[in-house]
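This is a predicted model, so every value here is computed, not measured.
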Amino acid sequence: MHTAILVLFQVLIVIGLSRLVGLGCRWIKQPLVIGEIIAGIMLGPSLFGLIAPATAAAVFPTATIPFLEVLSQVGLIFFMFLIGLELNPKYLSGQLEVAILISHVSILVPFSLGTLLALLLYPLVSSASVPFTAFALFLGAAMSITAFPVLARIITENNLQSTRLGTLALTCAAVDDVTAWCVLALAIAVARTNSINSAFPTIIAALIYIAFMVTVGRWFLKRFATYYQRTQRLSQVTLAGIYMGVVASALVTELIGIHLIFGAFLLGAVMPKNEGLVEEVAQKTEDFVLIFLLPVFFAYSGLRTQIGLLNNPQLWLLCALIVAVAIAGKYIGTYVAARVSKIEHREASALGWLMNTRGLTELIVLNIGLSLGVISPLLFTMLVIMALVTTFMTSPLLEWTYPKRLIKLDVVDQGQSGLDEQQETPSFTYKILVPMANPSTQKGLLQLAVAIANIRNQRAMVHPISLIELQEDYAFESTPVAADRLIAERRHQLEELISSLDEPELRTYVHPIVRVTNDVARETAEIAAIDTDLILVGWHRPAFSRNRLGGRVGQILSAAPVDVAVFVDRGGERLETLLVPYSASTHDDLALELALRLLINRDTCRLTILRLVQPNQINSDLSDELTNLMQQLPHQVRSRIDIQLD
């Protein structure tokens with residue numbers, strides 16, 4: 001088979017399996033990167049090559065590996081550019097002194113433990129051809145790295161970006177990123193020159209280039225930002241210039257003697273953070289990089305991962321020791337530094353688990369070390385397992401340490417407390433949650449909720465809730481800054497919707513909730529569990545189901561711990577004539593209760609109760625509770641109720 005055709009076939013398999021396994025990981029609340037790493041390992045000798053060696057050799061022959069390596073390197077260059085591009089100075093705006101202390105201690109402790117571990121590992125998994133200094137530096141760097149993109153995604157999904165924990169974690173990770181890349185650059189320089197003394201020219205050249213990019217390079221890139229502000233569009237010529245700059249900067253750092261990825265990262269980091277420019281460059285770049293090129297990198301890494309090399313209990317114990325040292329070093333270093341900085345126990349612990357996230361960034365470090373021959377295939381496999389374990393454990397341990405009930409819900413009126421605090425106010429006796437996917441088309445749903453709440457006659461509260469679902473991992477929209485922008489836009493839409501209500505005095509009892517989530521139904525259920533009486537959801541036809549109560553509506557119905565009412569909007573302006581078929585079921589009681597609320601709230605509304613009696617049914621009388629309620633209604637309300645028997 002022609003090489004080009006075979007490589008394209010490989011890419012087809014890689015993308016499909018990466019997405020499939022990635023979706024499985026998203027289903028169990030894990031980052032997509034976990035699935036992509038696992039998919040890469042599955043395609044390598046650890047699984048595919050183990051169960052079908054002949055087929056694996058035919059699909060991934062040795063002759064095509066260099067082509068996959070080239071694609072993966074191109075993907076890494078542009079991914080590192082995106083990381084630098086999204087490394088916003090806003091992340092360094094708060095608690096910087098505390099963050100620098102925590103970040104550096106969280107690097108120093110695992111780095112020190114890694115170098116001590118190198119004394120044990122060097123004679124076991126390395127060779128005399130590898131300088132011990134380079135080996136120790138690489139192992140220390142691998143132990144101390146934090147994956148900023150994955151951490152940012154976890155913070156966004158948990159709505160932590162506006163909390164002290166979230167902002168501190170982002171600042172620590174940003175400082176950690178810069179420091180760790182510098183340590184890795186030093187390790188590469190030493191590995192390529194075989195000693196620290198020989199690496200000094202490389203280090204000096206790298207410092208000169210960094211200074212050049214921070215001054216001259218940044219000045220030149222500001223011209224791009226100025227041009228963009230004037231035209232408000234990113235032309236193909238401008239984007240081509242930026243891409244040429246990425247590749248040129250990568251080549252310069254490679255020629256200096258560190259690595260291609262540093263030049264790409266540096267260009268992204270020094271680019272002016274004009275919001276529109278950064279967003280457009282990221283959106284035009286990331287889809288192809290994340291969907292096409294990056295899975296190839298995971299597959300290339302998987303082909304080099306050989307879990308079969310861990311063929312005895314001693315090696316598995318050694319692997320467990322590496323994992324334990326990596327977790328303990330990062331967690332203890334972060335926790336102790338945070339406690340010294342007078343951060344309370346729970347937040348310090350949660351910060352320690354967040355900083356333990358390694359993900360894709362760790363894989364980049366490991367592949368560089370393996371390519372340079374500093375770490376062996378056996379150690380590479382152990383460290384890949386460590387990267388998987390530390391990334392996998394972050395989300396559940398964060399939820400255990402810092403559960404969502406402790407996170408303030410983000411509401412429009414910053415003067416108001418979140419829904420979780422409003423439950424402490426006994427004056428609000430009835431609360432309705434109104435999920436809204438598109439506020440601009442759901443005015444009728446909000447008006448109905450206000451009418452049901454019966455705000456005139458009792459202190460009730462209506463919460464329009466708009467949950468922003470992030471579909472992609474480590475993409476621009478997943479960054480906390482971009483998420484805040486999306487929240488602000490949705491908040492503005494809800495404010496306009498509330499201001500359009502006919503009676504201004506009712507608007508003070510309507511308080512929206514805007515949040516980011518990766519599961520709308522689950523998040524709605526969790527919020528509803530906090531002292532909510534009713535969820536009022538608008539009906540829509542499911543795209544892939546014939547079930548009328550399927551799709552998102554069905555998911556909310558299944559997950560919600562409180563009563564749910566589904567509103568099918570037929571386009572009517574007002575609900576004046578109500579009909580409630582009643583056959584003495586629990587659902588009928590709720591329907592009648594809602595109808596009575598509407599009747600009380602609207603003087604012109606009339607209600608017909610159609611009592612349905614089945615042939616074998618003894619009676620269909622109203623429940624005692626509803627009977628007593630109707631007897632307590634004023635005469636002018638009871639006069640608008642007509643009870644019929646069918």
Side-chain angles (χ1 to χ4, degrees), residues 10-52 55-56 59-60 72 75 79 147 149-158 286-287 289-303 305 307 323 353 356-363 381 384-400 404 467 469-475 477-478 516-523 525-526 542-545 550-552 554-555 558-559:
Q10 292 171 353
V11 171
L12 185 67
I13 295 173
V14 167
I15 294 175
L17 186 62
S18 295
R19 285 287 143 178
L20 185 63
V21 181
L23 288 174
C25 285
R26 297 299 298 143
W27 185 70
I28 60 172
K29 306 179 188 179
Q30 286 296 324
L32 179 67
V33 65
I34 292 284
E36 293 181 323
I37 295 174
I38 292 173
I41 294 173
M42 289 170 63
L43 291 172
S46 300
L47 182 62
F48 190 25
L50 182 66
I51 62 177
T55 307
V59 176
F60 292 98
S72 67
F79 180 71
V150 180
L151 179 140
R153 170 72 186 212
I154 292 172
I155 286 175
T156 303
E157 285 187 346
N158 286 276
E286 65 187 9
D287 284 346
V289 172
L290 300 181
I291 295 172
F292 188 89
L293 294 176
L294 216 53
V296 176
F297 168 72
F298 289 117
Y300 178 67
S301 301
L303 292 172
T305 304
I307 296 180
V323 173
W353 298 130
N356 243 308
T357 305
R358 288 178 171 85
L360 173 57
T361 310
E362 179 75 16
L363 220 58
T381 300
V384 167
I385 293 172
M386 179 269 287
L388 276 171
V389 171
T390 53
T391 307
F392 190 90
M393 64 185 238
T394 300
S395 292
L397 285 175
L398 175 65
E399 175 66 22
W400 174 66
K404 287 185 178 180
L467 298 176
E469 190 168 20
L470 300 180
Q471 300 291 342
E472 306 299 334
D473 276 65
Y474 43 80
E477 71 164 18
S478 301
V516 168
T517 184
N518 61 357
D519 190 325
V520 171
R522 187 182 71 242
E523 194 80 23
E526 289 177 354
F544 302 104
S545 172
R552 184 64 49 72
Q555 293 169 6
S558 301

Can you list the steps and then say if Arg358 with Val150 is a side-chain contact (heavy atoms from CB on, under 4.5 Å)? CA-CA 8 Å; Arg358 288 178 171 85; Val150 180; over 6 Å; no

Minimum heavy-atom distance between [X] and [Y], given as atom pair plus value:
X      : Y      : result
Ala559 : Ala521 : CB-O, 4.2 Å
Cys25  : Pro31  : CB-O, 3.9 Å
Ile34  : Leu388 : CD1-O, 3.7 Å
Thr394 : Thr390 : OG1-O, 2.9 Å

Ignoring hydrogens and angles, tell me if any N or O in the side chain of [X] forms a donor-acceptor pair with the backbone of [Y] under 3.5 Å.
X      : Y      : answer
Gln30  : Phe392 : yes
Thr391 : Gly359 : yes
Glu36  : Phe298 : no

Got a list of side-chain donor-acceptor pairs under 3.5 Å for residues 38-47, not counting sequence neighbours?
| from | atom 1 | to | atom 2 | distance (Å) |
| --- | --- | --- | --- | --- |
| Ser46 | OG | Thr305 | O | 2.9 |
| Ser46 | OG | Ile307 | N | 2.9 |

Got a sec: does the CZ of Phe48 have more than 12 other heavy atoms crowding it under 6.0 Å? yes

**Message:** Evaluate Thr357 against Ile154 for side-chain contact (heavy atoms from CB on, under 4.5 Å), listing each step before the verdict.
**Reply:** CA-CA 10 Å; Thr357 305; Ile154 292 172; 4.1 Å; yes

How many angstroms lie between [atom1] in [X] and [atom2] in [Y], if you round to the nearest 0.5 Å?
X     : Y      : atom1 : atom2 : value
Phe79 : Leu360 : CZ    : CG    : 4.5 Å
Ser72 : Leu294 : OG    : CG    : 9.5 Å
Leu23 : Ser18  : CG    : OG    : 10.5 Å
Gln10 : Tyr300 : CD    : OH    : 13.0 Å

Using side-chain contact (heavy atoms from CB on, under 4.5 Å), reason through Phe292 and Asp287 one step at a time and then give a plain yes or no.
CA-CA 8 Å; Phe292 188 89; Asp287 284 346; over 6 Å; no

Going by heavy atoms in the side chains, are Ile37 and Ser301 under 4.5 Å from each other?
no

